[in-house]
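In what follows, a structure is listed as structure tokens, so that the remarks can point back to it.
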There are 2 protein chains.
Amino acid sequence: MSDAGLTLGLEEDPLLLDRQICFPLYAATNLLGRLYGPVLGKLNLTYPQYLDMLVLWEQQPQTIGALGARLYLDSGTLTPLLKRMEGAGLLSRARDPNDERRVVVTLTERGKTLRSQALHVPETMANGYNAEGVDALRDSVRDLVSILAQHSTRSRGSKTA
Amino acid sequence: MSDAGLTLGLEEDPLLLDRQICFPLYAATNLLGRLYGPVLGKLNLTYPQYLDMLVLWEQQPQTIGALGARLYLDSGTLTPLLKRMEGAGLLSRARDPNDERRVVVTLTERGKTLRSQALHVPETMANGYNAEGVDALRDSVRDLVSILAQHSTRSRGSKTA
DNA sequence: CGATAATGTCTTGCGTGCGATTTAATTGCC
DNA sequence: GGCAATTAAATCGCACGCAAGACATTATCG
């Protein structure tokens, strides 16, 4: 109805794109995925698959639920993703004999070996940027993630803490 | 081959998930989208559609290219998205008579009116978080975005600067 | 003026993400 | 032991996001 012309100096338009925290995060994620794409493509990995491998290279085997807790994803996303990676020969999926509800993901030799080829990815990506402030930014965003995760009903809260 | 056991104190494993800047950004974006979802659902908007509307509420009409430059997206993403929004009656799309290559996006009355219902979204989302540090974090991520955008061949660089 | 290059959008194919539902297995509870 | 509640994955439908290519329009250059 009105033009909202009553806002004086103090309260600015809350809908300005540049006031949102969500937009830079959204844009940065998209841009980063675009930059990672060609580099990871040489390893026949997509961006989410790469993140999955990072988790598995750290600890392995792991259940789908544990992977999801770490990456803040659920089985609706992970199941098809892992099936593609299984098809690519990077890992195998099998029901946990002790609890047939769970599916345990195990790296194949091919999956383990790929790690050596991935070792250069971080520095390739960092090429050109000075790491100044990046560490602090990463920690700040990580703090935001932990706050957001608390407010999330999904992503099973089976945290270690 | 080897276990990479030669890393002494100085150089840690570059593939640790917690060393990556990309992962918190990825997780934060996903979590944020999940939190925005239900709120925006009441306005029959998705998260990317909401960002689109933020741009259009600021300036309108705009070409698809201009929208893409602002959101760091290309027409491959925007065209189907805008068609859905057109189908929802929020906007109209028409070729620019002065340059038939361009498509100009114009808000309908319904699209303009929706803004008043969206005004409460930012504070609804911020509910619970203290804005302490959020502004600084937003600016830091924005700086990262502008750096990433420079390295991106896509997202037509027709910047105002 | 005509051929060619550049530009802006559309289309296609594929891989996520997510809400919602379904199915199977385990836990609780009596 | 038996049955409801809970849990873990899988499945389904939909909406992105992107690379690559197709297409029409405009600009450029000889």
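Every chain is numbered from 1 and lettered A, B, ... according to where its sequence line falls, protein lines coming before strand lines. Treat the numbers as computed from the prediction; the structure is a model and nothing was measured.
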Closest to the side chain of Arg84(A), out of dT9(C), dC18(C), dG15(C), is dG15(C)
Per the under-4.0 Å heavy-atom filter, residues of residues 39-61 of chain B near DNA chain D come out as Thr46(B), Pro48(B), Gln49(B)
Sugar-phosphate only, base, or nothing, as touched by Tyr26(B) at under 4.0 Å among non-hydrogen atoms = sugar-phosphate
For Asn30(A) and dA19(D), give me the distance from atom CG to atom P, rounded to whole Å.
-> 10 Å
Closer to the 5' end of DNA chain C via nearest nucleotide, is it Gly37(B) or Lys83(B)?
-> Lys83(B)
Does Arg101(A) have any side-chain contact (heavy atoms from CB on, under 4.5 Å) partners at least two apart in sequence or in another chain, and if so, which?
-> Asp99(A)
Where the side chain of Ser75(B) meets the backbone of Leu78(B), is there a donor-acceptor pair that is under 3.5 Å apart?
-> no
Return the value, rounded to whole Å, for the distance between atom CZ of Arg34(B) and atom C1' of dA20(C).
-> 15 Å
Gln59(A): side-chain hydrogen bond (donor to acceptor under 3.5 Å, both in side chains) partners, not counting sequence neighbours = none
Could you please name the option among dC10(C), dC18(C), dC18(D) that lies closest to any side-chain atom of Ser75(B)?
-> dC10(C)
Using whole Å, report how far CG of Leu73(A) lies from C1' of dG19(C).
-> 14 Å
Which side-chain N or O atoms in residues 20-32 of chain B pair as donor and acceptor under 3.5 Å with protein atoms at least two apart or in another chain?
from: Gln20(B); atom 1: NE2; to: Pro14(B); atom 2: O; distance (Å): 2.7
from: Gln20(B); atom 1: NE2; to: Leu16(B); atom 2: O; distance (Å): 3.0
from: Thr29(B); atom 1: OG1; to: Leu25(A); atom 2: O; distance (Å): 3.1
from: Thr29(B); atom 1: OG1; to: Thr29(A); atom 2: OG1; distance (Å): 2.7
from: Thr29(B); atom 1: OG1; to: Leu25(B); atom 2: O; distance (Å): 2.8

So which heavy atom on Leu15(B) is nearest to which on Ala118(A), and how close?
-> CD2-O, 3.6 Å
Can you name the side-chain contact (heavy atoms from CB on, under 4.5 Å) partners of Thr106(A), sequence neighbours left out?
-> Gln60(A), Pro61(A), Ser92(A), Val104(A)
Under-3.5 Å N/O pairs linking protein and nucleotides 26-28 of chain C:
from: dT26(C); atom 1: OP1; to: Glu100(A); atom 2: N; distance (Å): 3.1

note: Leu71(B), atom CG; dG17(D), atom P; distance rounded to Å ~ 10 Å
Residue mapping more 5' on DNA chain D - nearest nucleotide basis, Ile64(A) or Gly33(A) = Ile64(A)
Quick one: which residue pairs count as a salt bridge (Lys or Arg N to Asp or Glu O under 4.0 Å) with a foot in residues 80-91 of chain B, not counting sequence neighbours?
-> Glu86(B)-Arg93(B)
Of all the nucleotides listed (dC18(D), dT9(C), dG17(C)), which has the minimum atom distance to the side chain of Thr77(A)?
-> dG17(C)
For Asp18(A), side-chain contact (heavy atoms from CB on, under 4.5 Å) partners two or more places apart = Arg70(B), Arg142(B)
Interatomic distance, Arg102(B) CZ vs dT25(D) C1' [rounded to whole Å] = 11 Å
Using the test salt bridge (charged side-chain N to carboxylate O under 4.0 Å, His left out), find all partners of Glu123(A) that sit at least two apart in sequence or belong to another chain.
-> none
Which is true for Arg95(B) with a 4.0 Å heavy-atom rule: it touches a base, it touches only sugar-phosphate, or it touches nothing?
-> sugar-phosphate
Can you tell me how far P of dT9(C) sits from CD of Glu86(B), to the nearest Å?
-> 14 Å
What is the distance, rounded to the nearest whole Å, between atom CG of Leu81(B) and atom C1' of dG17(D)?
-> 10 Å
Whole-Å distance between dT16(C) P and Met85(A) CE?
-> 8 Å
Relative to the 5' end of DNA chain D, which residue comes earlier, Leu78(A) or Thr29(A), by the nucleotide with the nearest heavy atom?
-> Leu78(A)
Taking the side chain as C-beta and beyond, is there a heavy-atom pair between Asp52(A) and Leu67(A) under 4.5 Å?
-> yes
